[in-house]
> 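Input: one structure, supplied below.
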Amino acid sequence: MRQFDHLLRQGLMDANLAQYESVLRQTGEEPDFSPRYRRARLRLLSAPWEKRRAVPRLSRGLAALIAALLLATAAAAVSAPLWIAYFGGLDQRQKELVDRMEIGGEAAETREAAPESRLPPPVEHNGVTITPLRLLGAKNRLYLILEIRAPEGTVFSPEDRYDLFDGMRVPEERRTETLGRSGGFTVLEAGTREPNILVGVAETTTSFDIGGCSYVVRALYRKTPDGERETVFGGWDSETGPTDSWEFPIPEDLNGDRALELPVEGLSMTDGEKTMTLLSMSVSPLGVWWKYRLEGSDPWPQVRVALRMKDGSEVGAAPGQLTMGDMGSGCTAAVDFEKPVDLSQAEVLLWGDVEIPLASQGDSKGRTL
């Protein structure tokens, strides 16, 4: 029955995308679904049989027929990878960007340098196996799709909320300045294929370059609809801190040709009683990172960041901004885009009231970012 549930879920996802793809294409822009709608859709697709009443059991013949029809629909429809579910839809160019940037995806099999070996291997500890399925990242932004297999007897439910206690381990030689990070965990599948398997996206934003660091999982917590909170796995010592860890090395060449270093040194902006002077800046399809010298009373100013596209539209960064450092050694700040952005269609980066042109650049193979 679990196999049929999996086939049904995949068929529903593909059929849903196929049914509305032409309508969405006619709108000329990407719809902005609410977070509430996205969560409800993911719950439905993760467990289509949840809350069912007394329903007659399907005969084997009928179940096989329905499964065959769903597989045929899936084959005819546009594929619906986990990234589409996570980002809430991607247009064709965004799909191509993700296919080219991700580590561990189907497109990676055709690349030259055996990139599948760059995906961190599974880690087993205390009966819990965590397997990275996909990795998408550049500079200070990381998305990691994880499959978490808990011990037999563990039951994951889409009705519960899960919090992943994680972090980044930075090489000792790079711990020369104030480091910061923020992150989150979004569940995509909870007990769909097997009761003890959870699939989700761990996202991380840092004030430093992630390449060559390690992503570390410490524990997983569950909060039920009744408000109860429990530890699924992982431990904590009151004196030494976390007692368990699952560690995944991030490739040193994570940026590859995806992060553009912009010639911004010396550009400044004055806002009220503070002046910010740029030291360096990089932009990738996932976000923007910059370092600056600050003069003024506000130690961590917030700056609006956006891309002006060739068609005149603007793509603004997500509201959250991670700012670290001090006025002595220089501050760093980072913002993220809600979805991957096609930089080949961007002309100007807007940093507050400063306009920074994006020169037409390509990678070493002549491809456009």
Side-chain angles (χ1 to χ4, degrees), residues 86-87 98 101-104 118-120 130 132 134-146 163-186 200-219 241-242 245-262 264 276 278-294 299-303 305 317-326 329-341 343 349 351:
Y86 172 72
F87 286 113
V98 168
M101 290 180 64
E102 72 173 348
I103 296 174
R118 299 170 61 219
L119 190 67
I130 303 180
R134 299 284 192 276
L135 187 155
L136 182 66
K139 191 65 178 186
N140 63 293
R141 184 64 168 168
L142 178 71
Y143 298 99
L144 194 57
I145 298 182
L146 301 174
D163 296 319
L164 199 65
F165 177 23
D166 59 359
M168 296 294 297
R169 188 185 303 279
V170 182
E172 189 68 35
E173 62 274 13
R174 292 171 54 185
R175 300 177 190 175
T176 57
E177 58 185 46
T178 305
L179 305 177
R181 71 171 292 272
S182 63
F185 183 64
T186 302
V201 180
E203 58 178 277
T204 295
T205 298
T206 66
S207 64
F208 52 89
D209 197 325
I210 290 177
C213 300
S214 294
Y215 172 77
V216 183
V217 175
R218 301 291 191 183
S245 70
W246 291 256
E247 188 165 334
F248 305 93
I250 306 303
E252 291 188 10
D253 61 342
L254 177 67
N255 293 336
D257 50 22
R258 312 308 178 210
L260 300 179
E261 301 296 332
L262 303 182
V264 299
M276 292 169 281
L278 285 173
L279 301 175
S280 60
M281 175 179 280
S282 66
V283 58
S284 80
L286 305 180
V288 183
W289 174 95
W290 65 97
K291 186 169 185 175
Y292 61 99
R293 186 172 57 253
L294 177 65
W300 294 321
Q302 299 291 298
V303 181
V305 177
Q321 181 172 312
L322 177 67
T323 305
M324 297 295 297
D326 57 61
S329 62
C331 301
T332 60
V335 293
D336 311 314
F337 300 122
E338 292 185 353
K339 298 182 182 182
V341 179
L343 295 185
L349 188 147
W351 179 67

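Computed from a prediction, not measured in an experiment: that's the story for all the values here.
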> Which distance, rounded to the nearest 0.5 Å, do you find between the CG of Leu260 and the OG of Ser282?
8.5 Å
> Can you check whether Met281 reaches Leu349 side chain to side chain, under 4.5 Å on heavy atoms?
yes
> Does Glu247 offer a backbone N or O that forms a donor-acceptor pair with the side chain of Ser245 under 3.5 Å?
no
> Give the minimum heavy-atom separation between Tyr292 and Ala333, together with the two atoms involved.
CE2-CB, 4.2 Å
> Identify the heavy atoms of Pro132 and Leu119 that sit nearest to each other, and give their distance.
O-CD2, 3.4 Å
> Taking only residues two or more places apart in sequence, or in another chain, which ones meet Tyr143 in a ring-ring contact (aromatic ring centres under 6.0 Å, His included)?
Tyr86, Phe87
> Quick one, Pro319 and Glu338 - any side-chain contact, counting heavy atoms below 4.5 Å?
yes
> Measure the shortest side-chain to side-chain distance between Leu278 and Trp351 over non-hydrogen atoms and say whether it is less than 4.5 angstrom.
yes
> Looking at every non-hydrogen atom in both residues, tell me the closest pair between Thr204 and Met168 and how far apart they are.
CG2-CG, 4.1 Å
> Looking only at atom types and distance, does a side-chain atom of Gln321 sit under 3.5 Å from a main-chain N or O of Val303, one as donor and one as acceptor?
yes
> Out of Leu135, Ile250, Ile210, which one pairs with Tyr215 under the side-chain contact (heavy atoms from CB on, under 4.5 Å) rule?
Ile250
> Would you give the length of the straight line joining atom CG of Leu164 to atom CD of Glu203, rounded to the nearest 0.5 angstrom?
11.5 Å
> The test is side chain to side chain contact (heavy atoms under 4.5 Å, CB included); show your working for Trp290 and Val264 and say whether it passes.
CA-CA 9 Å; Trp290 65 97; Val264 299; over 6 Å; no
> Can you check whether Trp289 reaches Ser280 side chain to side chain, under 4.5 Å on heavy atoms?
yes
> Can you name the nearest heavy-atom pair linking Phe208 to Cys213, along with the distance?
CE1-SG, 3.9 Å
> Roughly how far apart are Arg169 CZ and Phe248 CZ, rounded to 0.5 Å?
12.5 Å
> Just verifying a value: how many Å separate Ser207 OG and Leu322 CG, rounded to the nearest 0.5 Å?
5.5 Å
> Using the rule given for side chain to side chain contact (heavy atoms under 4.5 Å, CB included), can you reason through Gln302 versus Thr323, listing the C-alpha separation, both sets of side-chain angles and the distance that settles it, and then say yes or no?
CA-CA 8 Å; Gln302 299 291 298; Thr323 305; 3.9 Å; yes
> Looking at every heavy atom in both Leu343 and Ser284, which two are closest together, and how far apart are they?
CD1-C, 3.8 Å
> Could you give the distance from CE (Met101) to CG (Leu254), rounded to the nearest 0.5 Å?
8.0 Å
> Nearest 0.5 Å please: distance from the CG atom of Asn140 over to the CG atom of Leu286.
9.0 Å
> Give me the one residue out of Arg181, Lys139, Arg141 that meets side-chain hydrogen bond (donor to acceptor under 3.5 Å, both in side chains) with Thr205.
Arg141
